[in-house]
Student: 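Please see the structure below; I have some questions.
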Amino acid sequence: MTIVEQVKETLKQEIVAAVERAGLATREEMPAVLLETPKEKAHGDFATNMAMQLARVAKKNPRQIAEELTAELDTKKASVEHIEIAGPGFINFFLNNRYLLELIPAVLTEKQAYGRTNSGEGQRVQVEFVSANPTGDLHLGHARGAAVGDSLCNILDMAGYNVEREYYINDAGGQIHNLALSVEARYLQALGQEAALPEDGYQGEDVKVIGEELAAEHGERYAGVAEEERLAIFRELGLKHELDKLKEDLTQYRVEFDNWFSETSLYESGKIEETLLKLKEDGHVYEEDGAVWFRSTAFGDDKDRVLVKQDGAYTYLAPDIAYHLNKFERGFDKLVNIWGADHHGYIPRMQAAIQALGFEKSQLDVEIVQMVSLLRSGEKVKMSKRTGNAVTLRDLMEEVGLDATRYFFAMRSADTHMDFDMDLAVSESNENPVYYVQYAHARLCSIFRQAEEKGMAFKEEASIETLGSEKEIDVLKKVGQFPEIIDLAADQYAPHRLANYLHELAAVFHSFYNAERMVDPDAPELTQARLKLAKAVQITLQNGMNAIGVHAPERM
RNA sequence: GCCCUGAUAGCUCAGAGGAAGAGCAACAGCCUCCUAAGCUGUAGGUCGCAGGUUCGAAUCCUGCUCAGGGCGCCA
């Protein structure tokens, strides 16, 4: 527990004790104590709505309750300096904030571990994200999903969960057959032969490149092979190329997976049969019109779903159910799927499926990442994957750069439609929010360099007793919120909470920097103390930026 | 027709029962001094509309309007 949490906990306990002493409520009637950090400084360091919550129980008006409550409060124990009753009955606490100084040695000791909590209690969570079909380049939407998923995994990890990242490779369905046909056509074209792409083939540049590479590498070797065998070969080669490219792009994007899970492996291992049999034995499937159906309506879906088509082939759902059974069998306490908005209609049937398999609905969380449209020169750019003119992840990384791209996706709530403003993301000016946070870090690095040049290099053992100005306390308060923010972001699956926090942390630091001289040869003791404070800010910024995949530059 | 998101300052968006917020843009200031990609201040609001629940609603419920997405024996 951090010092901030300890202080809050003590204050909460004192509030409860005061309510009891004042006879306002019994222990049974006691509402949960909500202690929040007010947005307005004038509202104190902490505030509680306790008096309002007690209005019904105590049958008095909230301001009256607040008076009686605060009269009984042991202010010494809770290091409260003074109390104000405000508005409809808020109790605002103004504390002696010197306890915040204790944060500095704590942060300096914990270093990369500052911000880590134990909220997750080591629970095993598997997060499946991106999982784009290996049939083309990752586009804008995947880039968002990858950024959100990776940031979320980092945050869950910091919050004490045991996280595993997984990519589900859809390497079994019709789209892969289509890929094989498309590769074949491009290969033959590269050899100068007449060959047309299939009607719904992949027109992307990447498939064309694969065909050309194969032609260059193998010449006409595959041209004479029998159709079936040839397609099998192109299927494998095409898949390998696509997967290699996906992995390379994602790695460059700072997104690493622990596991790449092949859909085909579910066919080969007999897992799908096994799963269907289990569902059948438990009475969740039936046959009709020559197809096998899953009675998903029994678990809240709005219609039943086909598992085995009339032609005997599985639908996408059948292996996907087997996949989720497999996930649970690997011992995860919780599964998180991050899906694009175009898959949201799929949620009820998947939730139905895991319940049919005997699991709780709450063991699977599906997070939807909403659509992204691209804005260039203030206008929406029309994109189509089929015609291959979509903006790819690779384009973004090259044109915008990694830090700006990752930050832009991290700073927006994932469940809102997003316009990716290309001009803003590219601009190297104060209009671009990513630089605000990065600049704070670069500035910190610069301060340490300056101090060294002036013979006042940072000393870990320096005293911090001279600290205590208003700006310094503001900075420390913000630094102290970091673990709470990690917990909040983990709990809500909301990486943007962290991005927003980093912006706030940068803001209080910039303000402090402008108000007071950090490195002052005339005040060596204060300089040392401030360098220690600066170090705590630097560590917090680094840990936070690291979690959202943005680099912390030493100079700008 | 049904389902999912969204609608909050001029723009882009946070906030999800408790005291309307940030960035950008606008306006007025701050570099003989540690990086001005910074800081300080001013202005800017029927929280889409209408009801309801509550001591209290931007937040919860119902209906509606608008925008985007989804409703395959595709994946």
Side-chain angles (χ1 to χ4, degrees), chain A residues 34 36 38-40 42-43 47-49 51-53 55-56 61-62 86-90 92 131-133 135 170 172-176 178 200 263 288-293 302-303 305-317 319-320 340-348 368 370-371 373 375 378 411-419 421 424 427-440 442-451 453-454 456 492 494 496-497 499-500 503-504 506-507 509-521 527 530 534 555-556:
Chain A
L34 200 85
E36 55 173 21
K39 282 163 274 187
E40 296 256 352
H43 297 151
T48 184
N49 63 353
M52 278 114 83
Q53 288 194 300
R56 192 166 311 157
N61 87 60
F90 287 101
N92 297 334
S131 299
N133 289 342
T135 53
N170 297 125
Q175 82 282 2
I176 293 298
N178 205 346
D200 48 357
E263 180 186 1
E288 196 174 289
D289 303 332
V292 177
W293 295 73
D302 53 4
K303 52 182 125 168
R305 308 292 171 176
V306 172
L307 295 171
V308 185
K309 297 184 264 183
Q310 278 179 349
D311 66 4
Y314 296 125
T315 61
Y316 178 78
L317 184 60
D320 212 9
D342 52 343
H343 285 67
H344 91 260
Y346 200 76
I347 298 173
I368 292 300
Q370 280 294 344
M371 299 277 153
S373 18
L375 228 55
M411 74 181 179
R412 294 280 177 254
S413 153
D415 60 11
T416 60
H417 307 260
M418 174 178 176
D419 290 330
D421 187 334
L424 182 60
S427 83
E428 295 189 0
S429 73
N430 63 334
E431 289 173 43
N432 191 336
V434 66
Y435 297 119
Y436 187 82
V437 177
Q438 288 193 313
Y439 186 57
R443 204 168 223 184
L444 281 156
C445 294
S446 165
I447 289 165
F448 290 113
R449 285 193 298 268
Q450 277 290 329
E453 279 170 29
K454 293 180 180 166
M456 309 173 79
Q492 301 185 340
H496 73 279
R497 295 279 191 159
N500 289 347
H503 194 277
E504 290 166 12
F509 170 69
H510 281 311
S511 176
F512 170 47
Y513 175 92
N514 272 275
E516 318 212 36
R517 170 151 282 269
M518 303 286 301
V519 179
D520 186 355
T527 297
R530 286 187 170 158
R555 298 168 194 274
M556 283 173 69

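First the proteins, then the strands, lettered A, B, ... as listed; each starts at 1. Only a predicted model underlies this, so the values are computations on that prediction, with no experimental measurement involved.
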Student: Rounding to the closest angstrom, what is the interatomic distance between B/rG70 and B/rC27 at atom P?
Tutor: 43 Å

Student: Looking only at N and O atoms, is any donor in the side chain of A/Asp342 or the base of B/rA75 less than 3.5 Å from an acceptor on the other one?
Tutor: no

Student: Base, sugar-phosphate alone, or nothing: which one does A/Asp289 contact when heavy atoms must sit under 4.0 Å apart?
Tutor: base

Student: What contact category does A/Gln175 fall into here, base, sugar-phosphate, or nothing, at under 4.0 angstrom with non-hydrogen atoms?
Tutor: sugar-phosphate

Student: For A/Arg497 and B/rA16, is the shortest distance between a side-chain N/O and OP1 or OP2 below 4.0 Å?
Tutor: yes

Student: Mind checking if A/Asn92 touches a base, just sugar-phosphate, or nothing, with heavy atoms under 4.0 Å?
Tutor: base

Student: Once you apply the 3.5 Å cut-off to both distances, tell me the Watson-Crick or G-U wobble partner of B/rA25, or none.
Tutor: none

Student: Of all the nucleotides listed (B/rA22, B/rA14, B/rG18), which has the minimum atom distance to the side chain of A/Asn49?
Tutor: B/rG18

Student: Can you measure A/Glu516 atom CD to B/rC33 atom P for me and round it to whole angstrom units?
Tutor: 19 Å

Student: Give A/Gln492 one of three labels, base, sugar-phosphate or nothing, depending on what nucleic acid heavy atoms sit under 4.0 Å from its own.
Tutor: nothing

Student: Touch check for A/Ala442, heavy atoms < 4.0 angstrom, all strands: base, sugar-phosphate only, or nothing?
Tutor: base

Student: Does A/His510 make a side-chain N or O approach to OP1 or OP2 of B/rU40 shorter than 4.0 Å?
Tutor: no

Student: Look at the side chain of A/Val306 and decide which nucleotide, out of B/rC73, B/rC34, B/rC55, has an atom nearest to it.
Tutor: B/rC73

Student: Would you measure the distance from the C1' atom in B/rA37 across to the matching atom in B/rG56 and give it in whole Å?
Tutor: 43 Å

Student: Kindly point out which of B/rC24, B/rG68, B/rA75 is positioned nearest to the side chain of A/Glu431?
Tutor: B/rC24

Student: Does A/Arg443 make a side-chain N or O approach to OP1 or OP2 of B/rA37 shorter than 4.0 Å?
Tutor: no

Student: Could you state the CZ-C1' distance from A/Phe90 to B/rG18, rounded to the nearest angstrom?
Tutor: 4 Å

Student: For B/rU40 and A/Ser511 - does any side-chain N or O of the residue sit under 4.0 Å from the phosphate oxygens OP1/OP2?
Tutor: yes

Student: Tell me what A/Thr416 touches on the nucleic acid: a base, only sugar-phosphate, or nothing, going by heavy atoms under 4.0 Å.
Tutor: sugar-phosphate

Student: Applying a 4.0 Å non-hydrogen cut-off, can you work out what A/Asp415 is touching in the nucleic acid: base, sugar-phosphate, or nothing?
Tutor: sugar-phosphate

Student: Can you tell me the distance, in whole Å, between the CD atom of A/Gln53 and the P atom of B/rG18?
Tutor: 10 Å

Student: Any side-chain heavy-atom pair from A/Gln450 and A/Met518 closer than 4.5 angstrom?
Tutor: no

Student: Calculate the interatomic distance between A/Glu263 atom CD and B/rA75 atom P; express it in whole Å.
Tutor: 8 Å

Student: Rounded to whole angstroms, how far apart are NE2 on A/His343 and P on B/rC4?
Tutor: 19 Å

Student: Report yes if a donor N or O on one partner sits less than 3.5 Å from an acceptor N or O on the other, where the partners are the side chain of A/His417 and the base of B/rG6; otherwise report no.
Tutor: no

Student: Grab the NZ-P distance between A/Lys39 and B/rA58 for me, whole Å please.
Tutor: 12 Å

Student: Looking at B/rG38, I'd like to know if its phosphate oxygens (OP1 or OP2) sit under 4.0 Å from a side-chain N or O belonging to A/Asn430.
Tutor: yes

Student: Which part of the nucleic acid, if any, lies within reach of A/His43 when heavy atoms closer than 4.0 Å are counted: base, sugar-phosphate only, or nothing?
Tutor: base

Student: For a quick check of understanding: with a heavy-atom distance under 4.0 Å over all strands, which category does A/Ala291 fall into, base, sugar-phosphate or nothing?
Tutor: base

Student: Classify A/Ala47 by what it touches in the nucleic acid, base, sugar-phosphate, or nothing, heavy-atom distance under 4.0 Å.
Tutor: base

Student: Write down the distance between OH (A/Tyr435) and C1' (B/rC24), rounded to a whole number of angstrom.
Tutor: 16 Å

Student: How close do A/Asp342 and A/Met371 get, heavy atom to heavy atom, and via which atoms?
Tutor: N-CE, 3.9 Å

Student: Flag as yes if A/Tyr436 stacks onto the base of B/rA37 (centroids under 5.5 Å, planes under 30°), otherwise no.
Tutor: no

Student: Say we look at B/rC13 and B/rG38: how far apart would their C1' atoms be, to the nearest angstrom?
Tutor: 22 Å

Student: Which nucleotide, if any, forms a Watson-Crick or G-U wobble pair with B/rG6, using both distances under 3.5 Å?
Tutor: B/rC66

Student: Mind checking who B/rA37 pairs with, Watson-Crick or G-U wobble, both distances under 3.5 Å?
Tutor: none

Student: In terms of relative ring orientation, are A/Phe509 and A/Tyr513 parallel, tilted or perpendicular, with 30° and 60° separating the classes?
Tutor: tilted

Student: Taking pairing as Watson-Crick or G-U wobble with both contacts under 3.5 Å, can you name the mate of B/rG44, or confirm there isn't one?
Tutor: none

Student: Quick one, A/Arg530 and A/Glu516 - any side-chain contact, counting heavy atoms below 4.5 Å?
Tutor: yes

Student: Give me the distance, rounded to whole Å, that separates B/rA57 from B/rA50 when you measure between the C1' atoms they each carry.
Tutor: 15 Å

Student: Would you indicate which nucleotide in B/rC74, B/rU12, B/rG18 comes nearest to any side-chain atom of A/Arg412?
Tutor: B/rU12

Student: Nearest 0.5 Å please: distance from the CG atom of A/Asn170 over to the CG atom of A/Asp320.
Tutor: 7.5 Å

Student: Indicate, with a heavy-atom threshold strictly under 4.0 Å, whether A/Ala42 touches base, sugar-phosphate, or nothing.
Tutor: nothing

Student: In whole Å, I'd like the distance from the NZ atom of A/Lys303 to the C1' atom of B/rC73.
Tutor: 12 Å

Student: Side chain of A/Met52 only, heavy atoms from C-beta on: which candidate in B/rC73, B/rC34, B/rG18 is closest?
Tutor: B/rG18

Student: Between A/Val519 and A/Ile447, does the side-chain contact (heavy atoms from CB on, under 4.5 Å) criterion hold? Intermediate values first, please.
Tutor: CA-CA 7 Å; A/Val519 179; A/Ile447 289 165; 3.8 Å; yes

Student: Respond yes when some side-chain nitrogen or oxygen of A/Ser413 is under 4.0 Å from OP1 or OP2 of B/rA14, and no when none is.
Tutor: yes

